[in-house]
Amino acid sequence: MSGFRGPKGTYDVIPGGREPHERPELWELVEGLARATFERYNYTRVSTPVFEETEVFVRSSGEASDIVRKEMFSFRDKGGRELTLRPEGTAGVVRAYIQHGLYKLAQPVKLWYMGPMFRHERQQKGRYRQHTQIGAEVLGSEDPLLDVEVIALLYELHRSVGVRDEVFYINNIGDFESRRRYFPELRAFLEKHRSELDPDSVERIEINPMRTFDSKDPNTQAVLEEAPTIGEFLSEPAKEHFEQVKAGLEALEIPYEVDERLVRGLDYYTLTVFEAKSGALGAQDTVGAGGRYNGLVSLLGGPDVPGMGFGTGIERILLAASAPEERAAVDVFVVTLVREARAPALRLATELRREGISCDLDYAGRSAKGQFKQADRLSARRVLVLGEDELSGGYVTLRDMDSGEQRGVPLSDGSAALLRELAR
RNA sequence: GUGACCGUAGCUCAGCUGGUAGAGCAUCGGAUUGUGGCUCCGAAGGUCGCGGGUUCGAGCCCCGUCGGUCACCCCA
């Protein structure tokens with residue numbers, strides 16, 4: 001009751017967990033499906049530290065981003081280094097790509113990761129201070145078909161877990177050339193309507209005018225109805241890239257909607273951006289999102305290498321999926337009726353486990369009845385009974401929990417006979 | 001960071017106009033000297049989130065604080 005609790009905005013994955021993301025078996029499920037999916041797409045699992053030099057995130061996300069401005073868990077180590085618990089996954093992976101010269105390998109390099117991210121935010125449904133992302137980063141290719149592959153991968157991952165009521169939105173936010181021509185126009189328009197915008201949007205006019213499209217303020221949205229969109233300013237290569245992405249998605253029969261208002265929160269995105277939203281979530285309805293980031297590698301001090309990736313939140317995936325109600329059953333439970341049977345029982349259980357049979361026994365000092373109850377709770381299909389009679393007779397009683405049938409199995413010739421019986 | 005609502009056993013909750021805590025489920029045991037799922041009986045389990053105030057007396061009223069939920073902001 002009182003005493004220690006987990007830190008604000010965190011949760012535990014434990015037996016008896018209520019929310020889907022608190023249930024251990026559902027984590028096993030998602031992690032397993034993620035591994036299998038990435039394996040089929042030939043991605044390599046990587047892992048980078050959960051903290052980095054603060055500057056890595058400041059540079060990649062942008063000084064003006066909300067992440068940098070108010071959401072970082074930052075600290076100083078004993079050597080005076082400025083460090084930050086990673087708020088997102090891309091920056092660390094790109095840092096590692098540069099540091100280890102992975103651009104010298106055959107390109108593209110296709111990577112994926114899974115691990116905790118930290119953001120100092122007030123929590124609500126689907127938003128936690130520590131959450132877990134599965135992410136993909138592909139470096140070294142600008143092929144629009146790669147954009148298609150990455151989106152397809154996320155689509156299949158979500159579908160395999162059973163994310164409900166999901167829509168994929170995509171947009172083209174242009175290359176640097178397109179934006180160089182678009183931003184002055186958009187800024188001029190926003191300045192003209194400055195007095196009608198909400199304060200946050202006014203602030204963005206200078207920082208990144210496209211992000212005003214993110215505003216939920218009704219007045220701002222009304223103004224933006226008339227705003228110029230990037231479509232009119234796209235360079236030919238940028239247009240062509242997007243056309244190929246759309247054609248690719250159609251060829252794979254992946255449903256999507258173009259949303260010209262879609263702008264991602266991080267400044268490093270270029271060209272293709274996308275977002276997967278689920279109606280099964282609350283206000284935080286983005287299950288996964290990503291895009292192309294052709295300037296990021298050089299921004300972090302590497303060569304001019306393009307990149308494309310996504311991040312998807314395991315908590316949100318589970319929240320948006322229909323949760324199966326099964327629990328893992330144990331194959332065999334060993335019941336002991338006298339003290340002297342306990343050591344032999346553990347020996348028996350160990351032999352079975354070595355043969356790949358899942359098996360458990362009582363460590364709580366339960367009565368015989370209590371042990372059978374426990375076996376039932378664990379959905380054990382078979383129970384092995386070791387009592388006085390069995391010990392002196394050199395056999396074990398095998399009970400089938402469904403039929404209630406019991407028979408003795410001799411232990412004299414090792415476990416072969418028993419295994420044969422269990423296999424039936 | 002802002003706002004609203006909430007905080008009583010492991011879980012879900014009851015607790016009257018303030019008189020010092022109860023149920024169901026779960027757990028353990030028994031009825032059935034070595035046998036589960038049904039039933040019955042019993043036991044164990046609570047600093048009433050925490051701190052302060054008012055009062056003869058606070059789970060209940062007041063203030064603060066911590067935590068939760070949802071929304072804003074933003075995002076996975």
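Throughout, a chain's letter reflects where its sequence line sits, starting with A, and its residues are numbered from 1.
Toward the 5' end of RNA chain B, the nearer of the two residues A:Arg18 and A:Gly313, judged by each one's closest nucleotide, is A:Arg18.
Counting heavy-atom neighbours within 6.0 Å of A:Glu53 CD, excluding the residue itself, gives a total of 12 or less.
Rounded to whole Å, the separation between the C1' atoms of B:C28 and B:G19 comes to 35 Å.
Aromatic rings of A:His21 and A:Tyr128 (six-membered ring for Trp) have centroids within the 6.0 Å cut-off, being under it.
The CZ-P distance, from A:Arg129 to B:A76, rounds to 17 Å in whole Å. As a whole-Å value, the separation of A:Phe73 CZ from B:G1 C1' is 14 Å. Taking atom CD of A:Gln371 as the reference point, atom C1' of B:G29 lies 14 Å away to the nearest angstrom. Atom CZ in A:Arg69 sits roughly 14 Å away from atom C1' in B:C75 (whole-Å rounding). Taking atom CG on A:Leu384 and atom P on B:G34, their separation rounds to 19 Å, with Å as the unit. The CZ atom of A:Phe57 sits 17 Å away from the P atom of B:C75 (whole-angstrom rounding). Rounding to whole angstrom units, CZ of residue A:Arg366 and C1' of B:G34 are separated by 17 Å. The CD atom of A:Gln221 sits 14 Å away from the P atom of B:C72 (whole-angstrom rounding).
The base of B:C75 lies close enough to the side chain of A:Arg316 for a donor and an acceptor atom to sit less than 3.5 Å apart. Between the side chain of A:Arg127 and the base of B:C73, a donor-acceptor pair under 3.5 Å is found. Interface remark: the A:Arg122 side chain does form a donor-acceptor pair with the B:G3 base, using a distance-only criterion of under 3.5 Å.
Applying a 4.0 Å cut-off to non-hydrogen atoms, the residues of residues 272-282 of chain A that approach RNA chain B are A:Gly282, listed by residue number.
Aromatic ring pairs are classed by plane angle as parallel below 30°, tilted from 30° to 60° and perpendicular above 60°; the pair A:Phe168 and A:His158 is tilted. Using bins of under 30°, 30° to 60° and over 60° for the plane-to-plane angle, the ring pair A:Phe274/A:Phe310 lands in the perpendicular bin.
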Distances for protein N or O near nucleotides 35-39 of chain B N or O, under 3.5 Å:
from  : atom 1 : to       : atom 2 : distance (Å)
B:U35 : O2     : A:Arg399 : NE     : 3.4
B:U35 : O2     : A:Arg399 : NH1    : 3.1
B:U35 : O2     : A:Gln406 : OE1    : 3.1
B:U35 : N3     : A:Gln406 : OE1    : 2.6
B:U35 : N3     : A:Gln406 : NE2    : 3.4
B:U35 : O4     : A:Gln406 : NE2    : 3.1
B:G36 : O2'    : A:Asp376 : OD2    : 3.4
B:G36 : N7     : A:Arg399 : NH2    : 2.9
B:G36 : O6     : A:Arg399 : NH2    : 2.8
B:G36 : O6     : A:Met401 : O      : 3.2
B:G36 : N1     : A:Met401 : O      : 2.3
B:G36 : N2     : A:Asp376 : OD1    : 3.1
B:G36 : N2     : A:Met401 : O      : 3.1
B:G36 : N3     : A:Asp376 : OD1    : 3.4
B:G37 : O4'    : A:Asp376 : OD2    : 3.2

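The shortest distance between the side-chain N/O atoms of A:Lys8 and the OP1/OP2 oxygens of B:G68 is below 4.0 Å. A:Gln123 has a side-chain polar atom (N or O) that falls below the 4.0 Å cut-off from OP1 or OP2 of B:U69. Contact between the side-chain N/O atoms of A:Ser367 and the OP1/OP2 oxygens of B:G29 is found at a separation under 4.0 Å. The side chain of A:Gln124 places an N or O atom within less than 4.0 Å of a non-bridging phosphate oxygen (OP1 or OP2) of B:A71.
For the residue pair A:Glu390 / A:Thr397, a side-chain donor-acceptor distance below 3.5 Å is found, with atom types taken as modelled. Residues A:Asp147 and A:His241 bring a donor and an acceptor atom of their side chains to less than 3.5 Å of each other. Residues A:Thr270 and A:Asp175 bring no donor and acceptor atom of their side chains to less than 3.5 Å of each other. Counting only N and O atoms by type, the side chains of A:Tyr113 and A:Gln133 include no donor and acceptor under 3.5 Å apart. A side-chain donor-acceptor contact under 3.5 Å links A:Glu275 and A:Thr286. A donor atom on one side chain and an acceptor atom on the other are not found under 3.5 Å apart for A:Arg366 and A:Gln371.
Of all nucleotides listed (B:A76, B:G49, B:C73), B:G49 comes nearest to the side chain of A:Arg5.
A:Val150 has its side chain out of reach of A:Leu154: every pair of non-hydrogen atoms, C-beta onward, lies at least 4.5 Å apart.
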| said: One pair to check against ring pair (Phe, Tyr, Trp, His ring centres under 6.0 Å): A:Tyr169 and A:Tyr256. What are the steps and the verdict? | reply: CA-CA 6 Å; A:Tyr169 297 95; A:Tyr256 67 88; over 10 Å; no

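One finds no salt bridge joining A:Arg354 and A:Glu351 here, because no Lys/Arg side-chain nitrogen approaches an Asp/Glu carboxylate oxygen to under 4.0 Å.
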| remark: Encoded 5' to 3' (Watson-Crick or G-U under 3.5 Å; [ ] crossing; | other strand), RNA chain B becomes (((((((..((((.....[..)))).(((((.......))))).....(((((..]....))))))))))))....

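Across all strands, A:Gly17 comes closer than 4.0 Å to no nucleic acid atom at all (heavy-atom distances).
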